[in-house]
There are 2 protein chains.
Amino acid sequence: MGRVSDAKEKLMKAVTELIWTGSYGSTTIDQICERAGVKKGSFYYFFDSKAALAEEAIESAWEEFRPKLDRVFSPSLPPLERIHRFCEFEYEEQLGLQREFGHVLGCPLCTLGTEVSTQEAGLRQKVEDIMDQSRKYLETTIRDAHAEGVIRAPDAAAKARTIYAFSEGLMTQARIRNDAEVLREMERGILDLLGAKSVEAVAA
Amino acid sequence: MGRVSDAKEKLMKAVTELIWTGSYGSTTIDQICERAGVKKGSFYYFFDSKAALAEEAIESAWEEFRPKLDRVFSPSLPPLERIHRFCEFEYEEQLGLQREFGHVLGCPLCTLGTEVSTQEAGLRQKVEDIMDQSRKYLETTIRDAHAEGVIRAPDAAAKARTIYAFSEGLMTQARIRNDAEVLREMERGILDLLGAKSVEAVAA
DNA sequence: GCGTTAGTGGACTATTTAGTCAACAATAAA
DNA sequence: TTTATTGTTGACTAAATAGTCCACTAACGC
């Protein structure tokens with residue numbers, strides 16, 4: 001029934017890239033349409049506004065991103081190994097982005113959330129929701145580490161909030177300074193926040 | 001000689017507030033002029049562009065902010081007391097902003113830096129410079145703490161970078177979630193990153 | 001093929017925005 | 001008081017932008 005189209009997907013992909021490589025406020029609907037190869041009439045056929053598109057777009061991007069985190073945070077791995085892989089993953093991802101776009105881009109959720117939080121209630125809430133979900137990876141890991149006695153963290157949720165803020169803080173610094181090397185401090189910092197011995201200390 | 005004016009200052013104040021309570025991209029030159037009570041002709045008399053104004057404005061805001069940090073980080077205080085006061089200060093400031101503007105606003109440097117880093121090279125650099133300066137407060141404190149033997153931190157600059165990223169990360173979370181309570185985790189986290197005993201642990 | 005539904009194109013309007021300009025107004029030195 | 005300098009004003013243009021509208025096209029069931 002009816003005509004088929006991938007315009008919706010193309011628009012979501014376009015806006016995600018534009019926000020990430022630039023900013024929400026500076027990307028216009030015309031720009032989004034042009035990059036997606038979609039006419040404005042079609043844009044308004046699918047979405048009411050830029051904000052509505054952005055909301056669906058980050059949800060969709062999150063769904064695509066999730067499997068990667070599933071691999072990084074596989075419960076089959078020892079908790080601290082998950083942390084290690086997470087830090088590696090973030091670093092490598094930003095290096096790739098820098099190669100591809102000529103700039104370290106940091107975390108798109110953080111970028112978008114920071115920018116719109118006072119102005120776009122719906123978007124802000126969406127960002128918060130996704131952040132809550134992604135923080136769960138850390139929380140589970142911390143709970144496992146505590147259960148194994150590798151660290152002491154009776155309140156895994158609280159520790160996860162702290163560590164999440166720290167990792168996002170580093171990502172933000174990496175974006176602002178356009179320097180992925182900043183992220184090399186991530187694992188050391190997380191282990192400190194966990195009260196865990198460092199990899200080197202364990203080896204020694 | 002010539003006519004006197006405070007239009008420049010009014011414009012800088014207006015843009016700072018607009019960026020902080022909203023965002024850089026969404027504030028227009030007309031809006032800035034209106035809030036400052038200054039006509040556009042005067043705007044262009046003093047500044048070439050919004051970016052040029054923003055650059056001068058954050059420099060000026062930083063000069064105004066610095067004395068507050070000087071008090072918080074007074075070398076006359078024990079290092080960990082400075083950290084304590086810093087965390088209190090950040091928390092109280094955000095509470096005040098929430099009361100005044102109806103929203104937790106986080107750190108203006110971070111907000112602006114994140115938004116423009118890929119698009120406005122001059123502004124990005126300015127933000128980086130000011131961040132470097134403000135990080136020095138932490139660095140000095142850490143160096144002092146190390147010298148006093150309260151913590152072990154042979155590389156004070158590196159620790160300062162880590163802790164700065166963490167505190168900015170929490171501020172960003174506070175803005176995105178519109179919740180200053182997030183900041184209550186700051187001191188605990190910083191002490192963990194420093195490898196210092198907690199206040200409670202010391203008391204016990 | 002026919003009708004129904006889903007999507008497209010592109011021309012159109014109205015508004016907002018950036019940026020310009022020249023006449024005017026205030027200050028202070030001569 | 002004259003004059004040079006500094007800042008102000010508001011009207012102006014050109015461009016960018018959001019949003020609308022409707023005739024048209026593609027897919028599919030019948």
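A close approach under 4.0 Å does occur between a side-chain nitrogen or oxygen of Ser5(A) and OP1 or OP2 of dT8(C).
Take the nearest nucleotide of DNA chain D for Gly2(B) and for Gly37(B): the residue whose nucleotide is more 5' is Gly2(B). Summary of the strand contacts: Ser26(B) and Val4(B) both lie near DNA chain C, and taking for each the nucleotide with the nearest heavy atom, the more 5' one is attributed to Ser26(B). Heavy-atom distances to DNA chain C give each of Ser42(B) and Thr28(B) a nearest nucleotide, and the one nearer the 5′ end belongs to Thr28(B).
The distance between atom NZ of Lys10(B) and atom C1' of dG7(D), rounded to the nearest whole Å, is 12 Å. When rounded to the nearest whole Å, the span between CG of Asp6(B) and C1' of dT27(C) equals 15 Å. For the pair Phe47(B) CZ and dG7(D) C1', the interatomic distance rounds to 13 Å; values are reported in whole Å. Rounded to an integer number of Å, the gap from Phe43(B) CZ to dT17(C) C1' is 12 Å. In this structure, Leu53(B) places its CG atom 14 Å from C1' of dA18(C), rounding to the nearest Å. Spacing between atom NZ of Lys39(B) and atom P of dC12(D) amounts to 16 Å, rounded to whole angstrom units. As a whole-Å value, the separation of Asp30(B) CG from dA11(D) P is 14 Å. Distance CD1 (Ile32(B)) to P (dG19(C)): 11 Å, rounded to an integer number of Å.
The closest donor-acceptor contact from the side chain of Gln94(A) to the backbone of Ala180(A) lies at 3.5 Å or more, if one exists at all. Checked by atom type and distance alone, the side chain of Ser167(A) pairs as donor or acceptor with a backbone atom of Tyr164(A) at under 3.5 Å.
Using a 30° and 60° split on the angle between ring planes, Trp62(B) and Tyr137(B) fall in the perpendicular class, above 60°.
Between Asp155(B) and Lys159(B) there is no salt bridge, since no side-chain nitrogen of the basic residue lies less than 4.0 Å from a carboxylate oxygen of the acidic one. Ion pairing of Arg85(A) with Glu81(A) is present here, as a side-chain N (NZ or NE/NH1/NH2) and a carboxylate O approach within less than 4.0 Å.
Because its NZ or CZ atom is not both nearer than 6.0 Å to the ring centre of Phe89(A) and within 45° of the ring axis, Lys68(A) does not count as a cation-pi partner of that residue.
For Tyr45(B), the side-chain atoms get nearest to dG7(D) when compared with the rest of dA18(D), dG7(C), dG7(D).
Inter-residue side-chain proximity for Ile176(B) and Thr114(A) is flagged as met; some heavy-atom pair is nearer than 4.5 Å.
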- Take nucleotides 19-25 of chain D nucleotide by nucleotide from the 5' end and write B, S or -, depending on whether a protein heavy atom sits under 4.0 Å from the base, only from the sugar-phosphate, or from neither. BBB---B
